[in-house]
Structure formats: structure tokens, C-alpha cells
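All remarks here apply to the structure that follows.
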Amino acid sequence: METRSKRRAPQEPSTSTTEKGPEHVASKVGAKRVKAAVAATDKKPSPAKKPKTKDLPTKDAPVSATETLNEDGSRTSVWLMKSEPDTFSIDDLIKSKDSTSHWDGVRNHEAKNLMKNSMKVGDQVLFYHSNTKEPGIVALAKIVRESYPDHTAFDPKSPYYDEKSLKEDPRWFMVDVQYVRKLRRILTLKELQQYKDKELCHMKLLNRGRLSVQPVSDAEMKFLMDLEEKEIDDSA
DNA sequence: GCCAACGTTGGC
DNA sequence: GCCAACGTTGGC
């Protein structure tokens, strides 16, 4: 989410096995932080310094003002969110209580900012399987809770631990996502790439592959939904 | 505040 | 497992 943010672990807090999947994911954050973690132990956040001024200007700014807008200037209400199925697949989401899970583990500011600043309850989510045999959009979900602190950042045992994220001043946020339906067929990355120079020329998935949470315009969403209905032509 | 070194993402 | 793209870090 970091952008990596690939992400995440399932909903239930303490299934031990669930905590280990995402190591590689977290490692991005991990390496450096680990050593700092020792020193940081419990020091109080210095009095009332401004929380994260330094974080704000660049890092907390929305991706870019226009990036989450549709062509007509309305806000984007569709998001593509990636998850590695080995870590958290669409079936894991379905199996979660109420088919709902928090989207923890995002450790990239741009992706985090989208969740924190732009996602609203009711927004649609395209659930994307990354780093797998057949990467692609597999399902629809929706946002059911707006951003709140990502608790995994506070847990030293979590692969997503970040000692710089304080409870009083959380650095990482997440949203809750609820399953809606699987697509009739997977819209594979390979298939989507065929439209890279056409209908999907602005789609972040195709030109900024590594961003793990991204806005999708209404026009792109419509195109994707139409594409879902088309028969697959294997001529690709 | 630049930029080289380094680490991660994620498709292939 | 490779490696290109790209984000982050830290020295200067």
C-alpha cells in the first residue's frame, strides 16, 4: 500500500494464524521501524505539539485535488482496493462476520489519505486480487464505515506495527468494507490492459499499478460493468 | 531540499 | 524468482 499497501488481515482480532500472513507486506514498514521501536518505547507524545504538522502538508493532502473527481467535477464514489488473496481474499471477506471487514494494513500515505479523506459510507468498491495467478477485479463491495484509526499500527506484534503511530495521534486509518457480490467473471488485469489506450486510459490500475487504493471514475465504472456483461473473447 | 541508495510492489 | 517501477529514507 504502501501503497503497499497491499494489505490486510481479516476481521477477527486474534486468530493467530491470521496475523501472520501479511509479513511481507508489513516488512516494508517494518525494517526501519523495528530498530526505532526500541527507543520509542513509551515516550509521551511531546506535550501538545502540533500533531503532525509535518505530515499534513504533503502527506495528508488528498492525492491531488482533481484525482478523485469525475469529469463533471462530482466526487468519485467508486474505489478499487487491492488485496492479495493469500492474505485476504474475497472469500475471506464473505466469511467475515456480516461479510464485513476493516481494511487494515495500508501503509502508504496516498492510499491512506484516500480512505481517510475521501471514502464515504455507501461508496462502491471494486475488490481486486493482486499478486496472484490471475490478477483482476473479482467482486463488488461497499464502504460501510468511514475512516478510523488502524489499530494494527499500535500492536507491536502485528506485522503492520508502526511505533510512530500513537493512539493519541494515529498515523494510519482504515475503513470497513462489506461484500456486495462477485462479478459474473473476473475482469483480469490482462483484459483491462487491452483498454489501456482507450476507455481505461486514465485508470490508475493501468498506469500507477502500485497504488493499492485508488479512485475509479464513474465513466470507468460504467465501462467495467458493461465489460462484465460481455462474453470473454479468448482471442486476447 | 536534492538525490542516491535502498526497499517494496506486483506483474510476469 | 526476476526485475521494472516507484516510494521512502537519510546524507549532504
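Reminder, nothing fancy here: chain letters follow the sequence lines and each chain counts from 1.
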- Message: Does B/dT9 have its OP1 or OP2 closer than 4.0 Å to a side-chain nitrogen or oxygen of A/Y128?
- Response: no
- Of all the heavy-atom pairs spanning A/M221 and A/V216, show the shortest one and how long it is.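 Heavy-atom minimum between the residues: N-CG1, 3.9 Å.
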Where the side chain of [X] is concerned, which of [options] is the nearest nucleotide?
X: A/S130; options: B/dG10, C/dG7, B/dT8; result: B/dG10
X: A/R208; options: B/dG10, C/dG7, B/dC12; result: C/dG7
X: A/Q193; options: C/dT8, B/dC12, B/dG10; result: B/dC12

Atom [atom1] of [X] to atom [atom2] of [N]: distance rounded to whole Å?
X: A/K82; N: C/dC6; atom1: NZ; atom2: C1'; value: 12 Å
X: A/K133; N: C/dG1; atom1: NZ; atom2: C1'; value: 14 Å
X: A/L80; N: B/dT9; atom1: CG; atom2: P; value: 17 Å
X: A/E134; N: B/dC12; atom1: CD; atom2: C1'; value: 14 Å
X: A/L206; N: C/dA5; atom1: CG; atom2: C1'; value: 15 Å
X: A/E110; N: B/dT8; atom1: CD; atom2: P; value: 19 Å
X: A/L205; N: B/dC12; atom1: CG; atom2: C1'; value: 15 Å
X: A/R210; N: C/dC6; atom1: CZ; atom2: C1'; value: 5 Å

- Kindly say whether the aromatic ring centers of A/H109 and A/W172 come within a distance under 6.0 Å.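 For A/H109 and A/W172, the ring centres are under 6.0 Å apart.
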- Query: What class does the angle between the rings of A/W103 and A/F88 fall in, given that below 30° is parallel, 30 to 60° is tilted and above 60° is perpendicular?
  - Reply: perpendicular
- Flag the pair A/K222 and A/E71 as a salt bridge only when some basic side-chain nitrogen lies within less than 4.0 angstrom of an acidic carboxylate oxygen.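 Here A/K222 does not pair with A/E71 in a salt bridge, since their nearest N and O are not under 4.0 Å apart.
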